K.L.:
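Structure provided below as structure tokens; questions to follow.
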Amino acid sequence: MTETTPQNADLENAPETPEDDPILVRHAKREALIAAGENPYGHAFTYSHHIDELEAKYAGLEDGETTEDRVEVAGRIMAKRDQGKIIFMELRDATSSIQLFCRINALGEDTFAAMKDLDVGDWIGVSGCMMRTRRGQLSVAVDTYELLSKSLRPLPEKFHGLADKELRYRQRYVDLIVNPEVRDTFEKRSKIISAIRRYMEDQGFYEVETPFLHSIMGGANAKPFTTHFNALDRDYFLRIATELPLKRLLVGGFEKVFEIGRQFRNEGMDPYHNPEFTTMEAYQAFSDLEGMMELTQGFVQAAALAACGTLEVEYQGTTIDLGGQWRRASMVELVNEATGENVSFDMTREQVAAIAEAHGVHVEDAWGKGKIIAELFEECVEATLIQPTFVTDHPIEVSPLAKRKIGEDEVADRFELFISGHEYANAFNELNDPVDQAERFRAQLAAKDMGDDEAMGFDDDYVRALEYGMPPAGGVGIGIDRLTMLLTDSPTIRDVLLFPHMRDEAK
């Protein structure tokens with residue numbers, strides 16, 4: 001290892017800078033290092049251990065005990081305390097933090113002086129022997145070091161951290177440095193996605209990739225983002241769902257497929273919605289809604305165990321029990337429980353509309369009876385569903401891709417999973433009748449003509465695929481971001497997105 005020994009005379013001869021401007025001071029240090037022939041941005045450094053490994057290996061080291069065990073570690077300086085001929089530093093790597101014990105006698109005057117000039121935020125690699133101070137602090141007694149990257153901006157003041165939420169989201173890199181619990185959230189997110197992927201693979205599903213650019217808006221009711229495809233000289237939509245391409249694969253002979261990926265919906269932002277979000281969608285030939293309930297409960301529980309180690313999680317002060325058998329109830333049943341009414345699909349549109357208006361739902365002219373019932377559910381029921389609940393028997397009118405329930409023309413074989421007052425998953429007995437599907441698409445076009453800008457287009461190719469024959473199938477989609485919120489006790493979706501979308505920064 002090469003010992004760093006910059007010439008202090010060059011620092012003294014550097015241009016004067018205002019002492020109260022830390023950024024200018026750091027820039028001056030950088031220029032002085034370069035003038036002295038030093039590289040402020042280092043090169044590869046071979047470390048012998050991560051810090052958490054040292055904590056485990058030397059947990060039994062007695063207070064005041066020293067060793068001859070040499071180690072090399074690398075990380076960012078998070079704190080620095082100068083006591084004359086000794087400097088104490090806190091070094092943090094990707095796993096933990098450790099104290100650096102830096103003595104002039106071990107380093108020599110020039111290297112010690114150079115270490116004095118390091119700043120909080122600098123990245124360094126050090127070599128030395130393991131020890132524990134008399135006060136019980138596990139430490140590396142440093143005898144050589146390398147500057148790996150000079151920090152030109154000071155970190156936020158240590159004891160206050162970075163409290164400004166907008167600044168935290170905009171500068172996530174700083175948020176991760178000064179708020180270690182944020183890193184824990186995103187480590188859990190990674191574990192959640194990995195656990196879902198492993199669970200699906202263990203169930204015999206193949207992971208596939210489908211296009212982001214769609215020529216026809218389909219798979220969900222949502223407002224799309226549009227872009228221009230230069231080579232084809234036409235506008236395309238960023239996908240709002242992966243459903244229709246995945247079901248084409250069932251037509252082609254795949255039995256079990258899933259995709260984890262980004263969706264894009266050009267809609268508003270709130271604590272539970274972001275225009276760019278991640279879902280997992282899965283489709284299984286020869287399955288049904290019952291199979292999708294079992295699958296959904298399985299991968300949610302696998303994610304909870306991977307991220308939290310338990311099926312009882314705390315979300316915003318409420319205990320959510322993800323174990324046991326989750327409740328199943330129809331949409332109409334839940335509406336009637338909440339309102340004290342006796343809503344049914346046997347009523348006329350006018351009767352349902354009157355009940356909805358009485359419970360605070362403004363009914364639009366374009367809405368049929370099914371849409372009104374769905375809005376009544378959203379207004380009166382959703383927020384009350386705290387423990388996991390599969391809400392079944394949705395109106396066909398708001399389920400254009402789901403099979404009709406046998407014997408009930410206005411009801412779809414569909415469920416949505418609600419937890420803590422919000423929807424987490426959506427599943428169907430998939431519609432595989434091409435004639436019925438074409439009629440549903442025409443109804444969507446009619447709704448679009450009446451002003452519903454979230455209605456789907458008519459996908460001729462998808463109807464053609466169904467005409468070749470798709471086996472009976474179940475399908476489910478779940479929002480990964482919302483699930484991560486639940487399993488990390490995060491109040492807003494921005495807390496679980498590394499780089500959430502923000503309004504332009506004020507100049």
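Scope of the values below: all heavy atoms of this structure, side chains included, with no hydrogens, waters or symmetry mates. All of these numbers come straight from a predicted model, not from anything done at the bench.
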K.L.:
Between Glu416 and Arg414, is there a salt bridge with N-O shorter than 4.0 Å?
P.N.:
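Yes, Arg414 and Glu416 are salt-bridged.
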
K.L.:
Residues in salt bridge (Lys or Arg N to Asp or Glu O under 4.0 Å) with Glu201, at least two apart?
P.N.:
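Result, salt bridge (Lys or Arg N to Asp or Glu O under 4.0 Å) vs Glu201: none returned.
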
K.L.:
Looking at residues at least two apart in the chain, or sitting in another chain, which of them share a side-chain contact (heavy atoms from CB on, under 4.5 Å) with Asp202?
P.N.:
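If we apply the side-chain contact (heavy atoms from CB on, under 4.5 Å) test to Asp202, skipping adjacent residues, there are no hits.
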
K.L.:
Distance-only criterion, 3.5 Å: show the donor-acceptor pairs between side-chain atoms of residues 97-106 and protein atoms not counting sequence neighbours.
P.N.:
{"residue": "Ser97", "atom": "OG", "partner": "Glu90", "partner atom": "OE2", "Å": "3.2"}
{"residue": "Gln99", "atom": "NE2", "partner": "Ser139", "partner atom": "OG", "Å": "2.9"}

K.L.:
Can you list every pair that meets salt bridge (charged side-chain N to carboxylate O under 4.0 Å, His left out) and has a residue in residues 374-391, with sequence neighbours left out?
P.N.:
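Every salt bridge (charged side-chain N to carboxylate O under 4.0 Å, His left out) pair that includes a residue of residues 374-391, provided the two are not neighbours, is Lys371-Glu375.
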
K.L.:
Using the test side chain to side chain donor-acceptor pair (under 3.5 Å), find all partners of Ser490 that sit at least two apart in sequence or belong to another chain.
P.N.:
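Per chain and number, Ser490 pairs via side chain to side chain donor-acceptor pair (under 3.5 Å) with Thr488.
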
K.L.:
Is any side-chain N of the basic residue among Asp63 and Arg135 closer than 4.0 Å to the acidic one's carboxylate O?
P.N.:
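Salt bridge: no.
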
K.L.:
Taking salt bridge (Lys or Arg N to Asp or Glu O under 4.0 Å) as the test, write out the residues that go with Arg172, two or more places apart.
P.N.:
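Expected list: Asp175.
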
K.L.:
Between Asp69 and Lys57, does at least one N-O distance fall below 4.0 Å, as a salt bridge requires?
P.N.:
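No, Asp69 and Lys57 are not salt-bridged.
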
K.L.:
Between Lys29 and Asp119, is there a side-chain N and carboxylate O pair less than 4.0 Å apart?
P.N.:
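Salt bridge flag = yes for Asp119 with Lys29.
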
K.L.:
Identify every side-chain donor-acceptor pair in residues 298-313 under 3.5 Å, counting partners at least two apart or on other chains, and give the distances.
P.N.:
{"residue": "Gln301", "atom": "NE2", "partner": "Leu322", "partner atom": "O", "Å": "2.7"}
{"residue": "Thr310", "atom": "OG1", "partner": "Glu312", "partner atom": "N", "Å": "3.1"}

K.L.:
Considering residues at least two apart in sequence or located in another chain, which fulfil the side chain to side chain donor-acceptor pair (under 3.5 Å) criterion with Arg494?
P.N.:
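For Arg494 the side chain to side chain donor-acceptor pair (under 3.5 Å) partners, ignoring immediate neighbours, are Glu166.
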
K.L.:
Can you tell whether the side chains of Arg70 and Asp143 come within less than 4.0 Å, N to carboxylate O?
P.N.:
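Salt bridge flag = yes for Asp143 with Arg70.
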
K.L.:
Who are the salt bridge (Lys or Arg N to Asp or Glu O under 4.0 Å) partners of Arg26, not counting sequence neighbours?
P.N.:
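With neighbours one apart ignored, the set is empty.
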
K.L.:
Does His273 have any side chain to side chain donor-acceptor pair (under 3.5 Å) partners at least two apart in sequence or in another chain, and if so, which?
P.N.:
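His273 satisfies side chain to side chain donor-acceptor pair (under 3.5 Å) with Asp270, Arg482 once adjacent residues are dropped.
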
K.L.:
Could you tell me which residues satisfy side chain to side chain donor-acceptor pair (under 3.5 Å) with Glu259, sequence neighbours excluded, listed by chain and number?
P.N.:
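Partners of Glu259 by the side chain to side chain donor-acceptor pair (under 3.5 Å) criterion, ordered by chain and then number, come out as Thr210, Arg239.
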
K.L.:
Just to verify, what does Tyr315 make a side-chain contact (heavy atoms from CB on, under 4.5 Å) with, not counting sequence neighbours?
P.N.:
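Partners of Tyr315 under the side-chain contact (heavy atoms from CB on, under 4.5 Å) test: Tyr272, Ile320, Ser420, Met485, Leu486, Asp489.
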
